[in-house]
Amino acid sequence: MNIEKARHSLAHVLAEAVQRLFPDAKLGMGPAIENGFYYDFDTEEKISSEDLKKIQKEMKKILKKKNTEFEYIEVSIEEAISMFSEKKEHLKLELIEDLKAQGEEKLGIFKQGNWFDLCRGPHVEKMKDLPFKGFKLDRVAGAYWKSDEKNKMLTRIYGLAFEDADKLNDFIEKREEARKRDHRKLGKELEIFAFSDLVGKGLPLLLPKGATLRRVLERFIVDEELRRGYEHVITPVLGKVDLYKVSGHWDHYKDSMYNPIDIEGEEFVLRPMTCPHHFEIYKNNQHSYNDLPRRFAEISSLFRFEKSGELSGLIRLRNFTLADAHIICTQQQMKKEFKDVLILLKYIMDSLGISEKVWYRASLRDDEKGKYVDNDEMWEQSEKVLLEILDELGWKYEISRGDAAFYGPKLDIQIQNVNGKDDTIITNQIDLFLAERFQLEYIDSDGEKKRPVIIHRSSVGCLERTMAFLIEHYAGALPLWLSPVQIRLLSIADRMNDYVEEVYEKLQSRGIRVEKDIRNEKLGKKIREARLMRIPYLAIVGQTEMDNKTLTIRNRNTGEQKEYSLDEFIDRIILEENKKSLELEL
RNA sequence: GCCGUCGUAGCUCAGUAGGUAGAGCGCAUCCUUGGUAAGGAUGAGGUCACCGGUUCAAUCCCGGUCGAUGGCUCCA
């Protein structure tokens with residue numbers, strides 16, 4: 001079975017079924033997609049998810065006429081117009097006009113019985129070629145006509161479709177499994193973060209364990225950056241509107257910024273970016289070419305306006321924390337600097353254990369006017385350099401037009417979330433534009449003032465988003481070095497409490513993240529609860545351990561246990577942490 | 001923001017074809033001091049998201065608001 005054809009054909013069957021049940025529904029577009037198909041309808045009568053069963057039944061009725069053919073005919077533009085006028089299919093008529101404008105003369109129509117649709121195909125031959133039990137209507141959603149927010153919202157019905165019932169059920173099961181790793185679910189269960197209606201949506205509260213995870217990432221990256229010649233700075237979350245007028249954000253990025261705040265007659269905004277602040281740091285003094293590159297880094301709290309429907313757990317927020325930096329260097333240094341950034345990123349991905357999961361995307365501009373700064377020469381040059389660097393490193397990447405920043409092309413690192421959607425985890429840009437806007441300069445060897453170039457880059461990305469992906473990637477079972485709690489001490493009976501306390505203090509004093517459970521409960525219960533919290537190592541303390549001054553260590557992943565002297569355990573734990581091992585080694 | 005769905009105890013959820021609610025976990029107290037995924041008993045805890053409307057009566061029906069969620073748009 002050609003599943004693509006089947007999915008596309010099922011979309012037509014769906015459309016016919018909907019029009020039988022909702023005669024006023026007009027046709028939009030209905031393609032095959034990954035895992036299934038959809039069809040968009042313009043309808044006054046509301047179609048709700050309650051109606052899906054009914055529609056699916058109607059589809060099965062159509063499918064039962066097994067010998068109905070999908071018949072292809074070619075018609076002239078005029079014939080097509082008259083056919084769809086008769087059915088009052090205004091959206092199809094609009095498509096016909098578009099095709100006409102593109103110079104098409106003949107149009108394809110697919111007929112199934114008396115019902116027909118404008119379509120170039122391909123389709124299966126007959127109804128009996130479709131998987132009667134391999135499809136299922138999935139959900140109702142809204143979708144803008146021609147994907148444009150300014151257009152009318154249509155009702156889209158999504159269906160899943162596979163070769164047979166087994167494959168369909170397999171997919172549904174896998175999807176449910178994946179959702180168990182959802183960082184929003186695990187974040188709650190593992191006490192990582194919460195939201196409060198009173199604080200506001202998109203504004204996360206990091207609970208103690210979440211704050212710990214963030215601090216671990218933060219310390220990791222700050223230390224690493226300092227080792228690699230970055231200078232960490234701290235700048236305010238507010239800045240004058242004028243600052244963003246100079247940077248061009250006010251023109252190109254205003255829709256993503258919050259309304260200005262009036263302070264004694266001056267207008268301030270919450271910052272969506274740190275770049276302008278860092279440029280002002282650069283301008284604090286004069287620079288010689290000998291001083292470049294300067295690499296200003298900051299763990300920066302940013303505020304971006306997201307429409308309420310776009311918010312999603314820790315992945316899309318209104319306030320988040322970017323591990324940000326701006327490298328200001330000469331033209332000649334740019335390539336090396338950008339390569340060094342990529343090498344750092346590779347190291348980070350390796351350390352976090354997600355190298356295998358991410359892919360690279362070169363985001364270039366498209367031809368949409370007004371979206372980017374108007375300077376063709378600059379764009380051509382920076383896009384060329386970006387691709388050169390990637391080719392020189394030999395990294396595989398895909399090109400995405402239209403995803404560039406307004407001031408330059410990006411190299412994005414992409415990752416897939418638990419719902420199968422792609423997100424950017426890290427982004428870097430080459431910027432030949434803002435140095436001019438901010439009048440950044442350095443004195444070159446010939447004594448002349450020159451413009452530096454700027455690399456915008458992130459390292460561990462947005463801490464909150466990165467945390468979300470780590471939680472999903474590891475299903476909550478983080479490696480030791482990232483775990484908010486590394487060890488939990490489990491006592492067997494009250495008389496061990498003093499020894500537990502002694503061990504607890506000793507581990508804590510060595511910087512190990514430790515918890516103790518000395519409740520009056522059975523060991524089995526304590527183990528169960530600690531396992532649900534995905535704690536890497538459980539240290540069981542009973543009479544034997546107390547007498548021998550040891551701990552029995554139970555490994556989260558294997559369930560195996562070994563007895564260690566306290567000192568040996570501490571040494572080995574610290575070793576494992578320092579190695580940033582992705583496996584539990586004890 | 002828009003279209004669909006959802007909102008009952010701290011958490012996970014049941015329930016009422018309209019007569020002001022229930023379980024398990026958690027919490028408190030007590031018994032138990034138990035060696036590898038839930039020991040037992042008792043008890044506290046809810047303006048059924050919020051605001052209006054219909055009704056003798058609303059957690060349930062209707063309208064609005066807020067929040068969450070699957071899409072669309074957007075995006076780190």
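Within every chain, numbering begins at 1; the chains are lettered A, B, ... in the order of the sequence lines, protein sequences first and strands thereafter.
Across all strands shown, A:Lys152 has no heavy atoms under 4.0 Å from either base or sugar-phosphate atoms. A:Arg139 comes within 4.0 angstrom of the backbone, heavy atoms only, and of no base. Using a 4.0 Å heavy-atom cutoff across all strands shown, A:Gln543 reaches at least one base atom of the nucleic acid. As judged by a 4.0 angstrom heavy-atom cut-off over every strand, A:Ala493 is placed among the base-contacting residues. Nucleic acid contact for A:Lys526: none, since no nucleic acid atom lies under 4.0 Å from a heavy atom of the residue. Note on A:Leu523: a base of the nucleic acid sits closer than 4.0 angstrom, heavy atoms only. When heavy atoms are screened at a 4.0 angstrom cut-off, A:Gln429 is found touching no nucleic acid atom at all. Nucleic acid contact class of A:Thr427 (heavy atoms, under 4.0 Å, all strands): sugar-phosphate only. Heavy atoms of A:Leu490 sit nowhere under 4.0 angstrom from any nucleic acid atom.
Listed nucleotides B:A76, B:U36, B:C3 differ in distance to A:Ala141; the shortest reach to its side chain belongs to B:C3.
Listed by residue number, A:Arg184 are the residues of residues 179-186 of chain A with a heavy-atom contact under 4.0 Å to RNA chain B.
Going from atom NZ of A:Lys525 over to atom C1' of B:C25 covers 8 Å, rounded to whole Å. The CD-P distance, from A:Glu310 to B:G70, rounds to 14 Å in whole Å.
For A:Glu306 against B:A76, a side-chain-to-base donor-acceptor contact under 3.5 Å is present. With hydrogens and angles ignored, no donor-acceptor pair under 3.5 angstrom links the side chain of A:Gln561 to the base of B:G35. Evaluation of atom-type donor-acceptor distances gives a pair under 3.5 Å for the side chain of A:Arg316 against the base of B:C74. In this model, a side-chain donor or acceptor of A:Thr544 finds a partner on the base of B:G35 within 3.5 Å.
Taking a pair to require two hydrogen-bonding distances under 3.5 Å in either a Watson-Crick or a G-U wobble arrangement, B:U65 pairs with B:A49. B:G19 is paired with B:C56 under the criterion used here, namely a Watson-Crick or G-U wobble arrangement in which both key atom distances are under 3.5 Å.
Centre separation under 5.5 Å together with a plane angle under 30° does not hold for the ring of A:Tyr158 and the six-membered base ring of B:G71, so they are not marked as stacked.
A salt bridge links A:Lys209 and A:Glu191; the closest N-O separation between the charged side-chain nitrogens and carboxylate oxygens is under 4.0 Å.
Using bins of under 30°, 30° to 60° and over 60° for the plane-to-plane angle, the ring pair A:Tyr537/A:Phe569 lands in the perpendicular bin.
Between A:Tyr158 and A:Tyr38, a ring centre-to-centre spacing shorter than 6.0 Å is recorded.
The side-chain tip of A:Arg7 points at the ring of A:Phe162 from less than 6.0 angstrom away and within 45° of straight on.
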